[in-house]
Amino acid sequence: MYSFIASPFPSHYILNSSNKRSSNPKCISSKSSFSVKPAIVSCVSNASSSNSDSVKLLSSESTAKLIPNGIQVEGVVTTGFGRGSKTLGVPTANLDHERSEITSLISSSFGHGVYCGWARVIIDENSDALWYPSVINYGMNPTFGDIEIPLVEAHVMNDFEGDFYSRRIQLCLVAFLRQEMKFNSFQELIKNIKNDIKVATAVLANQNKPTTP
Ligand code: ADP
Ligand code: RBF
Ligand code: MG
């Protein structure tokens, strides 16, 4: 179980170490190697699908790396270029950049890359917010190359009505999925993000939500 302890920093929380999940916490599963007999296949060219079929998917459940005790960060949702929803079809809540300790916490583990974890948006300070599965990107969006400091952004797997700019958002990063990459096309980036979402769903199915005070 994750539980919160107050951190020396006012803007985030660090998880305590009562999380007993796996004897090999860095690695979720290690599949044994196997051999496959070569098969004779007939190859039919299919112009409409060849492009998307050639996109390499970079994350998988078997290569995801659990983060011992998780990383807990918190921030206020700020506005960006709006391209998560408009260009990629995947909105991401951007955390404010003022607090460098947020990014230094992540940098001290796996650094720039794609993570999965839990997210909750504090819409009403007086009532409990629910934790939802989430994919989190931490980095420079190299496919676009137009930001100057690393961004923490989370796509929350829940259908929200409207936006939640200026609200507080809390994230608990549970596993590292892959490096952040510069893709040659938006199509490749979108396919990989969709795959990351699938991988995150599978990884988080075996993980506990944070316990909250
Ligand atoms: P921006 O560049 O301003 O971050 P995005 O296109 O990435 O714009 O959209 C992000 C905004 O969409 C979030 O700040 C939030 O207010 C809203 N939003 C709605 N649903 C979600 C969701 N499921 N996950 C993340 N953000 C969402
Ligand atoms: N941007 C990249 O340039 N390269 C990536 O590999 C990359 N991976 C992402 C994975 C996920 C799951 C998400 C949610 C975002 C990712 N992004 C990546 C960030 C993306 O460029 C960004 O969300 C949009 O530009 C909107 O800010
Ligand atoms: Mg965004």
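Counting convention: from 1, in listed order, for ligands and their atoms alike. Values in this document were obtained by computation on a predicted structure and should not be read as measured data. Just so you know, these numbers use all the heavy atoms, side chains as well, and skip hydrogens, waters and symmetry mates.
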Looking at [atom], what's its closest protein heavy atom, distance included?
atom	value
atom 6 (O) of ligand 1	S85 OG, 2.5 Å
atom 25 (O) of ligand 2	R83 NE, 2.6 Å
atom 8 (N) of ligand 2	R178 NH2, 3.1 Å
atom 14 (C) of ligand 2	T92 CG2, 3.7 Å
atom 1 (P) of ligand 1	G80 N, 3.4 Å
atom 16 (O) of ligand 1	F164 N, 2.7 Å
atom 11 (C) of ligand 2	I193 CG1, 3.7 Å
atom 20 (N) of ligand 1	F160 CD1, 3.8 Å

Quick one: does [X] get an N or O within less than 3.5 Å of an N or O on ligand 1?
X	result
T79	no
F81	yes
Y165	yes
K86	no

Which bit of [X] is near ligand 2, meaning a heavy atom under 4.0 Å away: side chain, backbone, both or neither?
X	answer
K182	neither
F81	neither
N137	side chain
E153	side chain
L189	side chain

> Nearest heavy atom to atom 4 (N) of ligand 2: which of K86, E188, H112, M181 does it belong to?
Replying inline: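 When every heavy atom of K86, E188, H112, M181 is considered, M181 comes closest to atom 4 (N) of ligand 2.
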>> For atom 25 (C) of ligand 1, which of the options P91, G162, A119, S166 provides the nearest non-hydrogen atom?
In response: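 The residue whose heavy atom sits nearest atom 25 (C) of ligand 1 is P91.
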> Is a side-chain donor or acceptor of H112 paired with a backbone partner of Y138 at a separation under 3.5 angstrom?
Replying inline: no
> Would you say P142 has any N or O atom under 3.5 Å from an N or O of ligand 2, going by distance alone?
Replying inline: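 For ligand 2, there is an N or O atom that lies under 3.5 Å from one belonging to P142.
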> Do any N/O atoms on H155 end up under 3.5 angstrom from N/O atoms on ligand 2?
Replying inline: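 In fact, backbone or side chain, H155 has no N or O that close.
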> Among V152, I71, I106, which residue meets the side-chain contact (heavy atoms from CB on, under 4.5 Å) test with L171?
Replying inline: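 With L171 as partner, V152, I71, I106 yield a single side-chain contact (heavy atoms from CB on, under 4.5 Å), made by V152.
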> Of the options K191, H155, R178, which is the one that meets D196 in a side-chain contact (heavy atoms from CB on, under 4.5 Å)?
Replying inline: R178
If the cut-off is 4.0 Å to any non-hydrogen atom of [X], which atoms of ligand 2 fall inside it?
X	value
F144	21 (O), 25 (O)
F183	5 (C), 6 (O)
T143	2 (C), 3 (O), 4 (N)
L88	20 (C), 24 (C)
G84	26 (C)
V135	12 (C)

> In Å, rounded to the nearest 0.5 Å, how long is the span from CZ of R83 to CG of L88?
Replying inline: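 So the CZ of R83 and the CG of L88 are separated by 7.5 Å.
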> Do S59 and N195 have a side chain donor and acceptor closer than 3.5 Å?
Replying inline: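 Their side chains do contain a donor-acceptor pair, which is all the 3.5 Å distance test asks for.
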> If you measure from each non-hydrogen atom of D163 to ligand 1, which part falls under 4.0 Å: side chain, backbone, both or neither?
Replying inline: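 For D163, the contact with ligand 1 is made by both the backbone and the side chain.
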> ligand 1 versus D159, non-hydrogen atoms closer than 4.0 Å: side chain, backbone, both, neither?
Replying inline: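 Neither part.
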>> Within the structure, is a non-hydrogen atom of S134 found at a distance of less than 4.0 Å from ligand 1?
In response: no
>> Could you report the tightest heavy-atom contact between L204 and P133, atom names first, then the distance?
In response: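 In this case the closest contact between L204 and P133 is CD1-CB, 3.7 Å.
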>> I need the minimum non-hydrogen distance between E180 and N141, along with the two atoms involved.
In response: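 So the minimum-distance heavy-atom pair works out to OE2-N, 2.9 Å.
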>> In this structure, does ligand 2 have an atom that sits under 4.0 Å from one of the heavy atoms of G80?
In response: no
> Under 2.8 Å from the Mg ion (ligand 3), is there an N/O/S atom belonging to S85?
Replying inline: no
>> Please verify the inter-ring angle class for Y132 with F160; under 30° counts as parallel, over 60° as perpendicular, anything in between as tilted.
In response: perpendicular
> Going through the checks in order, is the side chain to side chain contact (heavy atoms under 4.5 Å, CB included) test met by L189 and F144?
Replying inline: CA-CA 11 Å; L189 172 58; F144 296 88; 3.8 Å; yes
